[in-house]
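Here's the structure we're looking at; comments come further down.
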Protein chains: 2
Amino acid sequence: MADREAQEERGKMKGIRELAEHLDISIGTVSRALNGKPDVNEETRKRVLEAAESLGYVANQSGRALRKGATGVIGFMMQTGTEITGQGDTFFMSVFDGVQTVFARHKLDLVALLCSSEEDPNDYLKRVVARGFADGIILSATRRHDARFELLAKRKIPFITLGRSLTDVGQPWLDLDFEGMAEASIDRLVARGHTNIAITRPHDDMNLGYVFEDQCRATLARHGLRLDERHVFRSTPNEAGGYQIARELSALQNRPTAIVLINEAIAVGLYRGLVEAGVKPGRDLAIIGRQSPQSEFLSPRLTSFSLSLRDLGIALAETLLGTMPAFAHVYPAKPAQLLWPMALVPGESD
Amino acid sequence: MADREAQEERGKMKGIRELAEHLDISIGTVSRALNGKPDVNEETRKRVLEAAESLGYVANQSGRALRKGATGVIGFMMQTGTEITGQGDTFFMSVFDGVQTVFARHKLDLVALLCSSEEDPNDYLKRVVARGFADGIILSATRRHDARFELLAKRKIPFITLGRSLTDVGQPWLDLDFEGMAEASIDRLVARGHTNIAITRPHDDMNLGYVFEDQCRATLARHGLRLDERHVFRSTPNEAGGYQIARELSALQNRPTAIVLINEAIAVGLYRGLVEAGVKPGRDLAIIGRQSPQSEFLSPRLTSFSLSLRDLGIALAETLLGTMPAFAHVYPAKPAQLLWPMALVPGESD
DNA sequence: TTGGCTTCCGTAAACGTTTACGATACTATG
DNA sequence: CATAGTATCGTAAACGTTTACGGAAGCCAA
């Protein structure tokens, strides 16, 4: 026991070879024992497992991946330096948590592939994916035209997207039901007598902006109303963006009486900006937004759409695995392209 | 040209071998050409580079890492499902952005190692690190007693921590200057006449809670004051935690007249809870906190401590690389254990 | 012409695993 | 006792790179 610790201390434990000769067993048997293969004596397996534990041996990732042709890693691509949701780690961390409960069952590891804001996302993906870094990819923050879809499809890398794009290549996707949100919001506001309704959308090419605006427009049309071009506010998806919207909106002569916010974080800045401009949220302007950790602490409480991000993560993972040959038998074919419903949580802001 | 594309389409581009025989050059020369080694004809190199580009060849990560003994990947460990700062992706995304500007210069990739909330962080680290997944590690959310430090030190993995711990093993670290924040906050509040001051700290074993409380206590003592045990509020580091604090605090008969918040997100819930309890922030209770994307949109504007997260990320990366033999020549020895200063941004809340 | 340099390139051996295959010893069956 | 079958293990060949080493030219000076 003492020499074992000494051996570990000295860091002599290089690889499976040292472990094998320490046990006086062939390297092949050690590998089989560790990997739970059937043709190995149970007592031998126990010895190997114990030795590996006490010597702190863990199979080298590169060697294993090289031989097996799979890394056991799924990558979730995100861009740093930019604010995707403006909502906080809570958003992605919750999704991740759901994803991992599924992955854990298959000894898969989830890592976030962090694309620098200074590198082209397509180049990054090409680099990291072609390198065989991950066995599968999850894409988020999808854009109207997203070349990443075609790239992954061409390389035949299993992937799923959290969000849609015009460049759909038949891959599985999950997306929040912005159509449903738009329709329910407009219907609700119209039923409450609003006819002059504004909306927000991201300032950039995020796909959800188009989906949302189109559906808002369609639903308004169903009510015989139309969306004033000047009432479509483009902003960064964060608090500052909301503040900016408040300033623009309150300066309008034909001010809308209601607004639907597509992003979570906007509400915080919007509230502040409105108050400063003498426009009282909920009384002078009806507001419907997206639920976030902050939204329920706004005053008046934000009427918002909520969803279980953890469940979304679970569905995301299961759907992805369903498309990967090695796991497909566990996850029978589900609808591979799915709109994720959101529930309206009434507050005091509309 | 046409057959090149066809070849890429057919996905025949397996590895460097195919690339080599397509060029009718030896595999060794191709490798040298791609890696910028000196002993290769410039015209040959150009041919190789062009072919690699047009055929979409990228060196396989596993093979390369196996041979070189290095992965070119640095891991930033974080736990999912839990809220570290409660502040949002903005916090880590900004830090990441700084880290990456440094890493990009050395063709290093940053990935976030996501530890599930259901797995023990130490086990996770052991698994992922011993596997040789990353060449270096960045640890955050350090705990009072953090076994991860010893683990990495024993394995001789280069690492740096964003945060301190009692289990310091002499590794480099960066940490926010909570001592400075505590001192400046208390001094400021005392100068404004407050004698009954409360503080917050995380509900769990995060190291910063101890550092912060100790310094607050010391500074108060310097002023001849003491910290009432019932005025040390433990909470989750998010909005809900702040709300809870507001409820507890406003129910106290001996209510403090000022409070210093160690976490960012707390302020949002605190404000709301105070208002509901009829306690007006800034008038009935002086508040000093940490700057966040939301803090400046609170009303009254939060007096808070700010810092450049991007610069912090840069320092983090440079210090880490300074300890790695392969890069140390670029980053001469800096102070490897450094308190990162924060600046007080006066608001209206104190 | 010879010898030594330089430039360029091919050969082959690693790197640490996993796994197909074959070998051995033992058990059961006739 | 012979044979087939089973349980267990060792051997060696991959996986895709990088790189130490050596060899083949070409050049220049003596």
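In this text, all values refer to a predicted model and were calculated from it rather than measured experimentally. Below, chain A is the first sequence line, B the second, and so on; all start at residue 1.
Straight-line distance from the CD atom of Q61(A) to the C1' atom of dG16(D): 15 Å, rounded to whole Å. Rounded to whole Å, the distance from CG on D39(B) to C1' on dC21(D) is 11 Å. When rounded to the nearest whole Å, the span between CD1 of I16(B) and P of dT18(D) equals 5 Å. dT17(C) atom C1' lies 7 Å from atom CD1 of I27(A), rounded to whole Å. Between R17(B) atom CZ and dG10(C) atom P there is a gap of 15 Å when expressed in whole angstrom units. In this structure, D24(A) places its CG atom 12 Å from P of dC9(D), rounding to the nearest Å. Atom-to-atom, CG of L23(A) to P of dC9(D) comes out at 12 Å; the value is rounded to the nearest Å. Look at CZ on R45(A): it is 10 Å from P on dT8(D), rounded to the nearest Å.
The nucleotide whose nearest atom lies closest to any side-chain atom of S26(B) is, among dT17(C), dT11(C), dT11(D), dT11(C). Nearest nucleotide to the side chain of N35(A), out of dT19(D), dT18(C), dT17(D): dT18(C).
Contact annotation: K37(A) side-chain N/O to dT18(C) OP1/OP2 distance is not under 4.0 Å. For dT17(C), neither phosphate oxygen OP1 nor OP2 lies less than 4.0 angstrom from any side-chain nitrogen or oxygen of S31(A). Contact annotation: R64(B) reaches the phosphate of dT18(D) (side-chain N/O to OP1 or OP2, under 4.0 Å). Y57(B) has a side-chain polar atom (N or O) that falls below the 4.0 Å cut-off from OP1 or OP2 of dT17(D). Between T29(B) and the phosphate of dG10(C), there is a side-chain N or O to OP1/OP2 separation shorter than 4.0 Å.
The minimum heavy-atom distance between A153(A) and V169(A), with the atom names listed, is CB-CG2, 3.8 Å. When all heavy atoms of A52(B) and L34(B) are compared, the closest pair comes out as CB-CD2, 4.0 Å.
Heavy-atom distances to DNA chain C give each of L66(B) and I25(B) a nearest nucleotide, and the one nearer the 5′ end belongs to I25(B). When each of R32(B) and N60(B) is assigned the nucleotide of DNA chain D with its nearest heavy atom, N60(B) is the one assigned upstream, toward the 5' end.
In this structure, T167(B) contributes its side chain and F149(B) its backbone to no donor-acceptor pair below 3.5 Å.
When each of T319(A), T161(A), D168(A), L174(A) is tested with Q337(A) by the rule side chain to side chain contact (heavy atoms under 4.5 Å, CB included), just one qualifies, namely D168(A).
Ring centers of H22(A) and Y57(A): at least 6.0 Å apart, outside the cut-off.
Atoms CG and CG, on D175(B) and N207(B) in that order, are 7.0 Å from each other to the nearest 0.5 Å.
G69(A) comes within contact range of no nucleotide atom at all, as no heavy-atom separation falls under 4.0 Å. Across all strands, T44(A) comes closer than 4.0 Å only to sugar-phosphate atoms, never to a base (heavy-atom distances).
Scanning atom types as modelled, no donor and acceptor separated by under 3.5 angstrom connect the side chain of N41(A) and the base of dC9(D). Between the side chain of R67(B) and the base of dT18(D) there is at least one donor-acceptor pair of N/O atoms closer than 3.5 Å.
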